[in-house]
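Just so you know, these numbers come straight off a predicted model, no measurement behind them. Labels below follow one simple rule: chain letters A, B, ... track the order of the sequence lines, proteins then strands, and each chain is numbered from 1.
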Amino acid sequence: MNITHRHDWHISPTQAVALQREMAAEVVYNRPIDLSAVRLVAGVDVSVKPDAAGVAMSQAAVVVLSFPDLTVVETALAAMPTPFPYIPGLLSFREGPVLETAFSRLKSEPDVFIFDGMGRAHPRRIGIATHMGLWLQKPTIGCGKTLLTGRFEPPPDERGGYSELVDKGEVIGVVLRTRAGVKPVFISVGHLADLTTSVDLVMRCTSKYRLPDPIRAAHNAAGQFET
DNA sequence: GCGACAG
DNA sequence: ATCTTGTCGC
């Protein structure tokens with residue numbers, strides 16, 4: 001599918017933070033996702049593994065599933081030497097480059113993308129789901145496994161139980177229990193989405209495990225191919 | 001200065 | 001993210 005190249009990835013951490021502050025102003029929040037019109041949902045993930053020469057390689061996978069039946073219809077892969085260190089708050093500058101390549105290899109055009117990481121639930125309100133949403137110009141959702149920023153009360157221990165994730169007096173996401181008896185996941189809007197429909201979509205994409213099927217499929221695909 | 005810190 | 005088997009509990 002087409003993806004807009006918004007800026008150079010090879011910049012310093014300081015420049016990256018400045019860029020995030022500029023881009024955060026362009027994000028569109030509070031836009032409901034029309035679930036009745038969703039046909040394809042993509043899961044996005046990146047794994048890092050040393051190659052034969054010992055170089056840290058970033059391996060990206062975008063797996064597209066049909067909705068609401070959740071059957072895999074396409075997988076796009078990409079790999080390259082990991083270009084940026086892991087710095088909390090700047091994850092998109094580490095995983096964005098490989099993802100751009102993987103997205104460009106997509107034949108289908110997903111209606112919504114779910115990322116392994118945050119969207120608005122970020123210190124500057126521009127986690128990887130939000131950032132890449134600006135490149136994709138499609139609805140995106142962040143689904144993280146652990147907290148980055150914000151405070152919350154433990155959600156009810158039942159499937160669908162949730163509580164608000166609040167930071168500086170602002171609701172930046174939802175702490176969602178996708179299954180009873182498991183740790184909750186952190187859902188936040190990326191770009192062109194709203195929190196209510198994002199949580200609804202994530203629940204409808206979660207069939208049997210803690211994480212939504214698209215994310216699990218992407219995680220498996222990203223971590224199991226060789227370069 | 002101290003603690004927190006997606007993947 | 002990644003290193004890794006068995007094991008506790010529903």
Once you round it to whole Å, what is the distance between [atom2] of [N] and [atom1] of [X]?
{"X": "A/L90", "N": "B/dA6", "atom1": "CG", "atom2": "C1'", "result": "11 Å"}
{"X": "A/E95", "N": "B/dG7", "atom1": "CD", "atom2": "C1'", "result": "5 Å"}
{"X": "A/R151", "N": "B/dG3", "atom1": "CZ", "atom2": "C1'", "result": "14 Å"}
{"X": "A/Q224", "N": "C/dA1", "atom1": "CD", "atom2": "P", "result": "13 Å"}
{"X": "A/K168", "N": "B/dA4", "atom1": "NZ", "atom2": "C1'", "result": "13 Å"}
{"X": "A/L91", "N": "B/dG7", "atom1": "CG", "atom2": "C1'", "result": "5 Å"}
{"X": "A/F84", "N": "C/dA1", "atom1": "CZ", "atom2": "P", "result": "19 Å"}
{"X": "A/I87", "N": "B/dA4", "atom1": "CD1", "atom2": "C1'", "result": "15 Å"}

Among the candidates [options], find the nucleotide nearest to the side-chain atoms of [X].
{"X": "A/I128", "options": "B/dA6, C/dA1, B/dG7", "answer": "B/dA6"}
{"X": "A/D45", "options": "C/dT2, B/dG7, B/dA6", "answer": "B/dG7"}
{"X": "A/D116", "options": "B/dA6, C/dT2, B/dG7", "answer": "B/dG7"}

ILVMFWY network linking [X] to [Y], side-chain heavy atoms under 4.5 angstrom:
{"X": "A/V202", "Y": "A/Y209", "result": "no"}
{"X": "A/V189", "Y": "A/V27", "result": "yes"}
{"X": "A/M203", "Y": "A/F113", "result": "yes"}

Examine A/W135 together with A/H7 and report whether their ring centres are nearer than 6.0 Å. yes
Secondary structure of DNA chain C in dot-bracket form (Watson-Crick or G-U wobble, distances below 3.5 Å, | marking inter-strand pairs): ..........
When you look at NE2 of A/H5, are more than 12 heavy atoms from neighbouring residues, nucleotides or ligands closer to it than 6.0 Å? yes
With stacking defined as ring centroids separated by under 5.5 Å and planes differing by under 30°, is A/Y86 stacked against B/dG7? yes
Applying a 4.0 Å non-hydrogen cut-off, can you work out what [X] is touching in the nucleic acid: base, sugar-phosphate, or nothing?
{"X": "A/I126", "result": "nothing"}
{"X": "A/G144", "result": "sugar-phosphate"}
{"X": "A/G89", "result": "base"}

Check the phosphate of [N] against [X], side-chain N and O only, distance under 4.0 Å to OP1 or OP2. Yes or no?
{"X": "A/K145", "N": "C/dA1", "value": "yes"}
{"X": "A/T149", "N": "B/dA6", "value": "no"}
{"X": "A/H219", "N": "C/dA1", "value": "yes"}

Can you check each nucleotide of nucleotides 4-10 of chain C against protein heavy atoms at under 4.0 Å and return B for base, S for sugar-phosphate only, - for none, in 5' to 3' order? -------
Might you point out which heavy atoms bring A/M1 and A/P110 nearest each other, and give the distance in Å? SD-CD, 3.9 Å
Minimal heavy-atom distance between A/H191 and A/T140, with the atoms involved, is N-OG1, 2.9 Å
Just say parallel, tilted or perpendicular for the rings of A/F115 and A/F103, cut-offs at 30° and 60°. perpendicular
Determine the sole option in A/L70, A/D213, A/L211 for which the side-chain contact (heavy atoms from CB on, under 4.5 Å) test with A/C205 is passed. A/L70
Testing A/V199, A/T206, A/I187 for side-chain contact (heavy atoms from CB on, under 4.5 Å) with A/T178, which one passes? A/T206
